[in-house]
Amino acid sequence: MDLSDLRRAEAELSERCQTLAEQARRETMTGLLNKDAFRLDVRTYLSAAGPEETYALLVTDLDDFKRFNDRYGHTFGDQVLLAFAAILSRSFGPGALCGRYGGDEFVVFLPGTAPRTAEEALHGLYRNLKCRRKGDPMFQCSVGAACGKGPAEYSRLFDRADAALYRAKRAGKNRFQMDRGGL
């Protein structure tokens with residue numbers, strides 16, 4: 001091999017390593033960020049956030065998801081998860097970080113987002129849930145949102161969003177609750 005062949009092989013190997021690294025950050029079924037990659041990315045953002053920088057963290061849960069698996073089988077449940085992942089991606093756009101947290105729980109981080117904008121985005125999510133693509137299964141979700149400003153700890157922001165999610169569930173499901181305590 002001459003020097004140009006070595007450089008070409010090195011470039012191909014480097015590209016393959018980057019591809020594998022990105023694949024390792026993704027949840028295999030939905031293609032969304034996995035829990036660890038999501039947490040790392042949000043922690044990085046929060047630690048570098050300027051004092052006036054706003055953001056929102058959303059924790060979502062599919063309402064009564066277990067009944068899909070129990071009634072229609074796990075393959076149908078997987079279709080619900082895939083449809084919801086697609087709706088999340090469409091609803092919040094390319095600037096959002098969307099991840100699957102586990103089971104039927106998903107998370108979304110909206111950098112540079114004030115509470116009013118987060119609330120508008122959540123209304124958009126619920127519109128998209130009502131206006132599904134042909135053939136998509138019908139389901140509902142509850143969402144808890146925590147808004148913040150400036151540097152913050154991920155765990156505290158997540159706990160606030162998670163508590164808001166449970167308030168939404170107790171209030172009757174298929175709704176969202178906002179926690180603006182970080183502003």
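The model shown is predicted, which means the values in this text are computed figures rather than measured ones. What's counted below: heavy atoms across the whole structure, side chains too, no hydrogens, waters or symmetry copies.
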Quick check against the 3.5 Å criterion: does [X] have a side-chain atom that pairs as donor or acceptor with the backbone of [Y]?
X	Y	result
R100	T28	no
S91	I87	yes
R25	L33	no
Y55	A114	no
E27	T30	yes
R90	N128	no

Roughly how far apart are [X] [atom1] and [Y] [atom2], rounded to 0.5 Å?
X	Y	atom1	atom2	value
E105	D162	CD	CG	7.0 Å
R175	R167	CZ	CZ	13.0 Å
K130	L125	NZ	CG	11.0 Å

Sequence neighbours excluded, which residues qualify as side chain to side chain contact (heavy atoms under 4.5 Å, CB included) partners of Y126?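 Per chain and number, Y126 pairs via side chain to side chain contact (heavy atoms under 4.5 Å, CB included) with L129, C141, V143, N174, F176.
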Applying side chain to side chain contact (heavy atoms under 4.5 Å, CB included), can you list everything that pairs with Y72, at least two apart in sequence or on another chain?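 Residues passing side chain to side chain contact (heavy atoms under 4.5 Å, CB included) with Y72: F68, F76.
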Is there a path of hydrophobic side-chain contacts, each under 4.5 Å between heavy atoms of I, L, V, M, F, W or Y residues, that connects [X] with [Y]?
X	Y	answer
L88	L81	yes
L32	F92	yes
V108	L57	no
L157	L110	no
L122	L62	yes

Can you name the nearest heavy-atom pair linking [X] to [Y], along with the distance?
X	Y	value
P115	C147	CA-SG, 3.7 Å
D2	S4	OD1-OG, 2.9 Å
G181	R160	N-NH2, 3.5 Å
A161	V59	CB-CG2, 3.6 Å
Q177	A171	NE2-CB, 4.5 Å

Kindly determine whether L58 and F106 satisfy side chain to side chain contact (heavy atoms under 4.5 Å, CB included), including the steps that lead there. CA-CA 8 Å; L58 317 178; F106 293 79; over 6 Å; no
Taking only residues two or more places apart in sequence or in another chain, which ones pass salt bridge (charged side-chain N to carboxylate O under 4.0 Å, His left out) with D104?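 Applying salt bridge (charged side-chain N to carboxylate O under 4.0 Å, His left out) to D104 gives none.
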Output side-chain donor-acceptor pairs under 3.5 Å for residues 42-52, partner residues at least two apart or in another chain, one line each.
{"unit_1": "T44", "atom_1": "OG1", "unit_2": "L40", "atom_2": "O", "d": "2.8"}
{"unit_1": "Y45", "atom_1": "OH", "unit_2": "E53", "atom_2": "OE2", "d": "2.8"}
{"unit_1": "Y45", "atom_1": "OH", "unit_2": "G112", "atom_2": "N", "d": "3.3"}
{"unit_1": "S47", "atom_1": "OG", "unit_2": "R43", "atom_2": "O", "d": "3.2"}
{"unit_1": "S47", "atom_1": "OG", "unit_2": "T44", "atom_2": "O", "d": "3.0"}
{"unit_1": "E52", "atom_1": "OE1", "unit_2": "K149", "atom_2": "NZ", "d": "3.0"}

Heavy-atom distance under 4.5 Å between the side chains of Y101 and R39, does that happen here?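 Side-chain contact under 4.5 Å: yes.
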Mind checking ring-ring contact (aromatic ring centres under 6.0 Å, His included) for F38 and listing every partner two or more places apart, or none if nothing turns up?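 Listed in chain order: nothing, the list is empty.
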Are F84 and F65 near enough that their ring centres are under 6.0 Å apart?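 F84 vs F65: aromatic centres not under 6.0 Å.
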Filter on side-chain hydrogen bond (donor to acceptor under 3.5 Å, both in side chains), then keep only pairs touching residues 57-70, sequence neighbours left out; what's left?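 Only D61-K169, D63-S142, D63-K169, D64-K173, K66-D70 qualify under side-chain hydrogen bond (donor to acceptor under 3.5 Å, both in side chains).
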